[in-house]
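Encoded as structure tokens, the structure appears first; notes follow it.
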Amino acid sequence: MPDRRSGHLRQMIRVALSNDYEIALLGLAAMLAQHPDRVQIVDLTTETDMSHDPDLVLFDTFGRLPEEDAKLRQVIESNDAKVVVYSWDDYPEEAARRQGAAGYLSKSLSSADLVAGIVAIHEGRQPTAPTDDGDAELTWPGQVHGLSAREAEMLTFIVRGLRNEEIARRAYLSINTVKTYIRTAYRKIGVTNRAQAVAWGFRNGFGSTDETGV
């Protein structure tokens, strides 16, 4: 389709979305759907293989940690498409690139800046700085119960059996920050210990489809 500024045809980028949680995929898809002139979503999957030959795979790290991510490596190895890690600002970009990712985009980006970043990486360019503070309407497990995205993510790590020290070390957060997220999450969902939190998590969509672990 023509670019209004240049009059040239712009390539539609075929994007696959990868995450362990369907609700996270749907939220991300809703963001990208606001820009149908630039991206076409061809896959939403919890698996490592993409069905429809995408140009780029956006790997949403919700419920995952940066180091030793076997699933990220499998997605990269199983697909010819460029794989881009989509994560928090405190996720080290070098951790994504060490595992073979083509790039990294922050979850703080607005939908417009996210699409601009996808386009830049697809074209082999470095994404530019964001133009605003973000307008993302993200969706994650536990959102309807008042959990923030970070609180929900801490709960996914607990459901997967990680201890606080391991979460802090591998997520590049301080132990006190992890404890604060967990404490506020427990209060919101009405539990007082880890066993109750795990049971609540499985009842409310925090059971991962991934069998390779974090």
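These figures come from a predicted structure and were not determined experimentally. Positions are given from 1, in the same order as the sequence printed here.
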Q: Kindly give the heavy-atom pair with the smallest separation between Ile158 and Ala197, and that separation in Å.
A: CG2-CB, 4.5 Å
Q: Working to the nearest 0.5 Å, report the span between CG of Leu17 and CG of Leu28.
A: 4.5 Å
(Q) With side chain to side chain contact (heavy atoms under 4.5 Å, CB included) as the criterion, how do Leu155 and Ile189 come out once you've worked through the C-alpha distance, each side chain's angles and the decisive distance to 0.1 Å? (A) CA-CA 10 Å; Leu155 189 55; Ile189 65 176; 4.1 Å; yes
(Q) So Val15 and Pro54, do their side chains get closer than 4.5 Å, heavy atoms only? (A) no
Q) What pair of heavy atoms forms the shortest contact from Tyr104 to Val84, and how long is it? A) N-CG1, 4.0 Å
Q.
I'd like to check Ile121 versus Pro127 (side-chain heavy atoms, cut-off strictly below 4.5 Å). Are they in contact?
A. yes
Q) Stepwise, does the side chain to side chain contact (heavy atoms under 4.5 Å, CB included) test hold for Asp20 with Asp60? A) CA-CA 9 Å; Asp20 298 337; Asp60 183 349; over 6 Å; no
Q.
Please check this pair: side chain of Asn79 against backbone of Val75, looking for a donor-acceptor N/O pair closer than 3.5 Å.
A. yes
Q. Could you give the distance from CG (Leu65) to OH (Tyr91), rounded to the nearest 0.5 Å?
A. 8.5 Å
Q | Separation of Leu147 CG from Met154 CE (nearest 0.5 Å) | A | 12.0 Å
Q: Look at the aromatic rings of Phe206 and Trp200 and report parallel, tilted or perpendicular, splitting at 30° and 60°.
A: tilted
Q: Measure across Thr61 and Glu153 and return the closest heavy-atom pair with its distance rounded to 0.1 Å.
A: O-OE2, 3.1 Å
Q: Kindly check if the number of other-residue, nucleotide or ligand heavy atoms within 6.0 Å of CG (Asn193) is above 12?
A: yes
Q: Could you pull out the closest heavy-atom pair between Ile41 and Ala33, with the gap in Å?
A: CD1-N, 4.3 Å
Q: Indicate whether the side chain of Asn164 and that of Arg194 have a donor and an acceptor atom separated by less than 3.5 Å.
A: yes
Q. Do you reckon Leu162 sits in the same ILVMFWY cluster as Ile175, going by side-chain contacts under 4.5 Å, direct or chained?
A. no
Q. Is the shortest distance from a Lys or Arg side-chain nitrogen in Asp43 or Arg14 to a carboxylate oxygen in the other one below 4.0 Å?
A. no
Q. Going only through I, L, V, M, F, W and Y residues with side-chain contacts under 4.5 Å, is there a path from Val191 to Phe202?
A. yes
Q. Is there a side chain to side chain contact (heavy atoms under 4.5 Å, CB included) between Phe59 and Asp69 once you walk through the steps?
A. CA-CA 11 Å; Phe59 184 83; Asp69 191 337; 3.7 Å; yes
Q) Is a side-chain donor or acceptor of Gln99 paired with a backbone partner of Pro66 at a separation under 3.5 angstrom? A) yes
(Q) So, taking the atom named CD in Gln40 and the one named CD1 in Ile13, what distance separates them when rounded to the nearest 0.5 Å? (A) 11.5 Å
Q) If you measure from CZ on Arg169 to CD1 on Ile167, what distance do you get to the nearest 0.5 Å? A) 10.5 Å
Q.
Do Val85 and Val57 land in one hydrophobic cluster if side-chain heavy atoms of ILVMFWY residues count as linked below 4.5 Å?
A. yes
**Q.** Value rounded to 0.5 Å, distance of CG in Leu32 from CG in Leu58
**A.** 6.5 Å
Q. Is Leu44 reachable from Ile118 through a run of hydrophobic residues whose side-chain heavy atoms are each under 4.5 Å from the next?
A. yes
(Q) Go through it in stages, so that I can follow the logic: the residues are Ser18 and Met50, the test is side chain to side chain contact (heavy atoms under 4.5 Å, CB included), and I'd like the CA-CA distance, side-chain angles, deciding distance and then a yes or no. (A) CA-CA 9 Å; Ser18 174; Met50 307 302 140; 4.1 Å; yes
(Q) Any heavy-atom pair between the side chains of Ile76 and Arg73 that's under 4.5 Å? (A) no
Q. So, Glu123 and Arg125, do they make that salt bridge, N to O below 4.0 Å?
A. yes
Q. Distance-only, no hydrogens or angles: does the His35 side chain make a donor-acceptor pair with backbone N or O of Val115 under 3.5 Å?
A. no
Q) Is Glu93 salt-bridged to Arg97, cutoff N-O under 4.0 Å? A) yes
Q) If only atom types and distance count, is the side chain of Ser78 paired as donor or acceptor with the main-chain N or O of Gln74 below 3.5 Å? A) yes
Q: Would you check if the distance from the ring center of Phe62 to the ring center of Tyr21 is below 6.0 Å?
A: yes
**Q.** Transitive ILVMFWY side-chain link Tyr86 to Trp140, under 4.5 Å
**A.** yes
Q | Check: Trp88 main-chain N/O paired with Lys107 side-chain donor or acceptor under 3.5 Å | A | no
Q) Where do Glu151 and Ala185 come nearest, in terms of heavy atoms and distance? A) CB-CB, 4.0 Å
**Q.** Close side-chain approach of Arg38 and Val119, heavy atoms under 4.5 Å
**A.** yes
Q: Determine the minimum heavy-atom distance between Glu47 and Lys71, stating which atoms define it.
A: O-CE, 4.2 Å
